Amino acid sequence: MINLGILVSGSGTNLQAIIDCIEAKQLAAKIKIVISNNANVYAIERAKKHYIPTFIIQDSHFPAREDCDKHLVEILKSHSVDLVILAGFMRLLTPAFIKAFPLKILNIHPALLPAFPGLHVQEKAVEYGVKFSGCTVHMVDEGVDTGPIVIQAVVPVHEDDTEEALAKRILKEEHRIYPQAIKFFAEGRIEVKGRKVIIKGCRKIEGALENPKVEIFE
Ligand code: GAR
């Protein structure tokens, strides 16, 4: 059983997906604390509904971001957290935080990294005209969305997509792959070799996707 500390800044649908998998006994983990940098987000309500301890951290109460992160580390360590989960946590972490949990911080990003790092990425994918996008669970390093990739899911981007429609399609996949990535970690199946994440005992997938559908070679 691993102990999770989950950092949130928004509606918390990924948090909910993780809670649901734990409650359904699909994931052997305990959420020790949910931390937000905003007291008014629905993610905090979700945690409270499931009797999970919560904590609000306000950057403005600290002289520097680094001091805030050191405090965050203290809170997470005092709850014996083994793995830190960024679930829509919308602020960058300083090296002090990342060094305190080496290869023990996961993030979910709503694009197929290394394409479209940063913010507003569903809108950028629609505007760019890519035919596929998706989501990525990765380990957090000191860059922005640059850490080793654990698992990705691909979704089509349609010609008439809006940012909202694509975000909804991607979010559905986020809710599948994030609990799965945590499960890989909890089962000790993740090994990091340089940039690469090796997951022991995985089935390989075959075949290809195309969008739009190729018709002449069917
Ligand atoms: C998710 O789409 C997640 O991938 C994204 O924020 C959303 C949070 O939704 N994270 C980022 O963009 C991080 N750069 P949620 O609060 O409903 O889980």
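Numbering starts at 1 and runs along the sequence shown. Bear in mind that the values here come from a model prediction, so they are computed numbers and not experimental data. Read the numbers this way: they start at 1 and go in the same order the structure lists the ligands and their atoms.
- For the atom pair OG of S133 and CD of Q152, the computed distance is 10.0 Å after rounding to the nearest 0.5 Å.
- In the model, E23 has a side-chain atom that pairs as donor or acceptor with a side-chain atom of H50 under 3.5 Å.
- Within the 3.5 Å criterion, the main-chain N or O of I2 finds no donor-acceptor partner in the side chain of D82.
- At least one cation-pi condition fails for K200 and F184: the charged atom is not both under 6.0 angstrom from the six-membered ring centre and inside a 45 degree cone around its axis.
- Using a 3.5 Å distance cut-off with no hydrogens or angles, the side chains of N37 and S9 do pair a donor with an acceptor.
- T94 and D69 form a side-chain donor-acceptor contact under 3.5 Å, judged by distance and modelled atom types alone.
- Protein neighbours of ligand 1 below 4.0 Å, counting non-hydrogen atoms: G10, S11, G12, T13, N14, G88, M90, I108, H109, P110, L171, E174.
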